[in-house]
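Inspection log for the structure reproduced underneath, given as C-alpha cells.
So that the names make sense, note that chain A is the first sequence line, chain B the second, and so on, each numbered from 1.
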Number of protein chains: 2
Amino acid sequence: MRPTVHDIAAEAGVSLATVDRVLNKRPGVRAVTRDKVERAIETLGYVRDVTAANLAKGRTYPLVFIVPAGDNSFMRGLEVEVRAAIARSAAERTEITILSVPAFNPQALAEALEEAHRRQPAGVAVVAIDAPEVTAAVKRLRDDGIAVVTLVSDLPGSARDHFAGIDNIAAGRTAGNLIGRFLGSREGPVAVLAGSMLVRDHRDRLEGFHAVMRDHFGARALLPVIEGQDDAVLAQKLVAALLAAQPDLAGIYSLGAGNRGLVAALETAGKAETICVVAHELTPYSRAALVSGTIDVILNQDAGHEVRSAIRVLKAKADGLPVIAAQERIRIDIFLKDNLPNGQA
Amino acid sequence: MRPTVHDIAAEAGVSLATVDRVLNKRPGVRAVTRDKVERAIETLGYVRDVTAANLAKGRTYPLVFIVPAGDNSFMRGLEVEVRAAIARSAAERTEITILSVPAFNPQALAEALEEAHRRQPAGVAVVAIDAPEVTAAVKRLRDDGIAVVTLVSDLPGSARDHFAGIDNIAAGRTAGNLIGRFLGSREGPVAVLAGSMLVRDHRDRLEGFHAVMRDHFGARALLPVIEGQDDAVLAQKLVAALLAAQPDLAGIYSLGAGNRGLVAALETAGKAETICVVAHELTPYSRAALVSGTIDVILNQDAGHEVRSAIRVLKAKADGLPVIAAQERIRIDIFLKDNLPNGQA
DNA sequence: CTGTTAGCGCATTCAG
DNA sequence: CTGAATGCGCTAACAG
C-alpha cells in the first residue's frame with residue numbers, strides 16, 4: 001500500500017493539518033516543522049492522490065469558450081467537441097459556457113471577450129483574430145488573473161498563456177511539399193484559396209507554402225491568393241472564375257474553409273480529376289471529396305485534441321501549475337483516401 | 001450541485017446501501033424497491049462520481065505487458081511508453097509488469113503468456129505472433145477470465161478481446177499510393193523490405209501495398225519481398241545486394257523495422273537522394289533519415305496512444321464494461337520532414 | 001503556529 | 001431483503 005497523509009503525519013510526529021499545510025505550500029508552519037514533514041514525505045516516497053484531493057476540495061473550473069458562428073464545418077465540429085467536453089464536465093470538474101461570435105469580426109470578438117470577463121471564469125479559450133482590440137481584451141483578462149488560451153488561430157505578441165493549435169507554417173510547408181511532389185514534372189501554375197488574411201492561421205499557412213514552393217519548386221508559377229472568406233458560395237464563384245481564366249491550372253492549395261464551394265466549382269467545370277488539390281480540415285464534405293478523388297490530400301487538426309488540450313492547460317494555469325509543452329503539442333494530420341479514419345468527421 | 005447517492009436515497013425513501021445495490025446491479029433488492037430507486041435516479045439525473053467510487057473501492061488492476069526484446073527502436077519506444085504508464089500507476093490504479101521475450105519466437109511467446117497467466121493479472125497486453133501455440137495460450141488466459149489485448153500486431157481468429165494497433169492493410173495502401181504518386185512517370189522497379197512474414201502486421205501491410213500497386217500503378221514492376229528480420233545488420237546486407245543487382249531501382253517500401261540498416265546501405269551506395277523511400281515507425285534513426293532526405297515519408301503508429309488505449313480497454317474488459325470502438329481507434333500518422341513533431345521520438 | 005474534527009461521494013461490512 | 005455505521009485519502013473550518 002502506498003503511503004498516505006496519515007503515514008507521513010505519524011512519521012513526522014505532527015498532525016494531519018500540518019502535513020496538509022506543507023503539502024499545499026500554505027503559510028503558518030515553522031521552518032523546522034516543515035523540514036520534518038518534507039523529510040518524511042521524502043523517505044516514505046509519498047505521492048498525493050489527486051482524485052482524493054479533488055474530491056475533498058470540491059473545486060470546479062468555470063471556463064468560457066469563444067467560437068465563431070456560421071456554417072464553417074470545421075468550426076461546427078469544434079463546437080461539437082466543446083459540447084462533448086461539457087458532457088464530461090462532471091468528471092473533469094469543469095463548468096463550460098460557449099459564446100458564439102460572428103466570424104472575422106474583431107470588434108465583435110473583443111466584445112465577447114468582455115462578456116466572458118464579466119462572468120469571472122477561471123479561464124477563457126478563444127479562436128483569435130489578429131487585431132489590436134482583441135489583444136487588448138486578452139490583456140485585461142490576464143491582468144484580472146483569468147487564464148487565456150488561443151484555439152486554432154493564435155494571437156502572437158499578446159498576453160495569452162498558451163496556443164492550442166497546430167504549427168501553421170509547418171502545415172503550409174507540408175502542403176507545398178505534397179503539391180510539388182505530386183505534380184512532379186507536370187506543367188501549369190498553382191493557385192491558393194484562403195479564407196481571410198485577418199486570421200493568423202491562414203497567414204502562417206500561406207507563408208510556409210510560399211517558402212517551400214520558392215525553395216524547392218522554384219519553376220512552378222504561383223497565382224495570387226484568392227480570399228473566399230471561408231464562405232462556400234463566394235469560394236465557388238471565385239474558383240469558377242479562376243478555372244475559366246487559367247485553363248492549364250495544375251494545382252490548388254485550399255488553406256481555409258469553404259471547401260464545399262471549391263469542390264462544387266471543380267466538379268462543375270469537369271476538372272475534379274485533373275487538378276491536384278490539397279485542402280485543410282477533415283469534414284463530411286472534404287472527406288467525401290477525398291474519397292471521390294476531387295481532393296488529393298487533406299491536412300487536418302484534431303479539434304477534439306485541441307479542445308481537450310485547451311481545457312487541461314486552462315485548469316493548470318488557473319492553479320498556477322506548469323504545462324508540459326511536448327504533451328500539449330497538436331499534430332498536423334495528413335489524410336489520403338487510404339488512411340482515412342472510419343469514425344466521425 | 002449535482003445529485004449524490006444521498007439525494008437519490010432520500011428521493012426514493014430508502015437507505016444508501018440499497019441505492020448502492022441497484023447502482024452496482026447487485027442482487028438482494030426487491031423489484032419494487034429497485035424500480036423506486038431507478039425512478040429516482042432518472043428524475044434526479046444522477047451520474048455516479050467515478051473517482052469517488054474508485055477511492056472507496058480501492059481497487060487496482062494488475063496488468064502484464066509482453067514486449068519483444070532486441071534493439072528494434074520501435075519496440076524500445078513502446079517499452080518506454082509502458083514504463084511511462086507505470087509511472088502513472090498510482091493515479092490510474094494499475095500495477096503493471098513488463099515481460100520481455102525474444103522476437104519472432106512463437107514458442108518463447110507462448111511460454112511468456114503462461115508466465116503471465118501464473119501471475120493472475122486482470123489483463124494481458126501482448127505484441128502477438130501469428131502462431132497456433134500463441135493462439136492457444138491466449139485462449140487459456142481468456143478461459144480463466146483474464147482480459148487479453150493484442151498490441152501492434154494482431155492475432156485474428158484468436159480469443160483476444162481487442163487489438164490496439166493500426167489497420168495495417170490501410171497502412172500498406174497508403175504507402176503504395178504515396179510511392180506511386182511520388183514516382184509519377186519515373187521509370188524503375190520498386191522493392192519491399194519486410195521483417196518477417198511470421199507477424200501479422202507485416203503480412204497485412206504487404207497485402208495492402210500490393211493491392212494498390214496492382215490496381216492503380218499497374219505498370220510499375222514490383223520486386224520479390226526481402227525479409228530482414230527487423231535486424232539492422234541483416235537488412236543492410238540485403239539492401240546493399242539489392243542496390244547492386246538493381247541499378248535502376250526507383251523506390252523502396254520498408255514495412256518493418258531495421259531502418260538503420262536500410263539507410264546505411266542507401267547512403268553507402270550513394271543512392272540516398274535518388275531512391276524514393278517510404279518507411280514505418282518514427283524513431284531517432286528514421287527521423288534523422290527523413291530530415292536528411294534519405295527517407296521521403298514515414299508512416300507511424302503512436303506507441304503512447306497504443307499503450308494508453310490497451311490499458312483503458314483492459315480495465316474496461318476486466319470490469320465487464322463495453323469499449324467505445326471509435327475512441328480506441330489508432331490512427332496511421334504520415335510524416336514528411338515538414339510536419340515532423342518537435343518532441344520525442 | 002499546530003491539532004481536532006467533520007465531511008467530499010461512494011462502497012462495504014455487519015446487524016436487523 | 002434492507003439499513004446504519006465506518007472508511008478510502010485528502011481538505012478545510014474551527015479551536016487551542
Review point. Does the side chain of B:Asp20 come within less than 4.5 Å of B:Val5's, by heavy atoms?
Key: no

Exercise for review: Please work out which residues in residues 28-36 of chain B have a non-hydrogen atom less than 4.0 Å from an atom of DNA chain D and list them by number.
Suggested key: B:Gly28, B:Val29, B:Arg30, B:Thr33

Review point. How long is the gap from CG on A:Leu23 to CD on A:Glu38, to the nearest 0.5 Å?
Key: 9.5 Å

Practice item. Taking the side chain as every heavy atom from C-beta outward, state whether A:Leu78 and A:Val127 have any atom pair closer than 4.5 Å. Key: yes

Exercise for review: Give the intermediate values and the outcome of side chain to side chain contact (heavy atoms under 4.5 Å, CB included) for residues B:Lys315 and B:Glu92.
Suggested key: CA-CA 10 Å; B:Lys315 288 169 73 172; B:Glu92 301 184 346; 4.1 Å; yes

Exercise for review: Indicate yes or no: at least one non-hydrogen side-chain atom of B:Arg59 is less than 4.5 angstrom from one of B:Asn54.
Suggested key: no

Point to revise | Stepwise salt bridge (charged side-chain N to carboxylate O under 4.0 Å, His left out) check, B:Glu114 with B:Arg118 | key: CA-CA 6 Å; B:Glu114 285 308 323; B:Arg118 263 173 251 124; 5.4 Å; no

Check your understanding: Looking at residues 311-324 of chain B, who's got a heavy atom less than 4.0 Å off DNA chain D?
Key -> none

Check your understanding: Which two nucleotides bound the region of DNA chain C that has atoms under 4.0 Å from heavy atoms of chain A, read 5' to 3'?
Key -> C:dC1 to C:dG9

Review point. Does the side chain of B:Glu81 reach to within under 4.5 Å of the side chain of B:Arg308, using non-hydrogen atoms?
Key: yes

Check your understanding: In a check of side chain to side chain contact (heavy atoms under 4.5 Å, CB included) between B:Val29 and each of B:Thr18, B:Val37, B:Val19, which one passes?
Key -> B:Thr18

Practice item. Using a 4.0 Å heavy-atom cut-off across all strands, classify A:Val19 as base, sugar-phosphate, or nothing. Key: nothing

Practice item. Using a 4.5 Å cut-off on heavy atoms from C-beta on, say whether the side chain of B:Arg331 contacts that of A:Asp302. Key: yes

Study note, to complete from the structure: Overall bend of the helix from C:dC1-D:dG16 to C:dG16-D:dC1 (five pairs an end, 10° steps) is 40°

Check your understanding: Side chains of B:Val22 and B:Ile41: closer than 4.5 Å at any heavy-atom pair?
Key -> yes

**Study point:** Worked verdict on A:Glu42 versus A:Arg39 for salt bridge (charged side-chain N to carboxylate O under 4.0 Å, His left out)
**Key:** CA-CA 5 Å; A:Glu42 185 66 33; A:Arg39 202 145 10 199; over 6 Å; no

Exercise for review: Starting at the 5' end of nucleotides 9-16 of chain D, put B wherever the base has a protein heavy atom under 4.0 Å, S where only the sugar-phosphate does, and a dash everywhere else.
Suggested key: BBSS----

Exercise for review: Assess whether salt bridge (charged side-chain N to carboxylate O under 4.0 Å, His left out) is satisfied between B:Arg142 and B:Asp161, documenting all intermediate values.
Suggested key: CA-CA 8 Å; B:Arg142 293 288 291 107; B:Asp161 291 275; 3.0 Å; yes

Check your understanding: Looking at side-chain heavy atoms only, is the closest gap between B:Thr97 and B:Pro121 below 4.5 Å?
Key -> no

Check your understanding: With sequence neighbours left out, what residues match A:Ser89 under side chain to side chain contact (heavy atoms under 4.5 Å, CB included)?
Key -> A:Ile86, A:Thr94

Point to revise | Audit row: A:Ile311, A:Val307, side chain to side chain contact (heavy atoms under 4.5 Å, CB included) steps and yes/no | key: CA-CA 6 Å; A:Ile311 292 173; A:Val307 168; 4.1 Å; yes

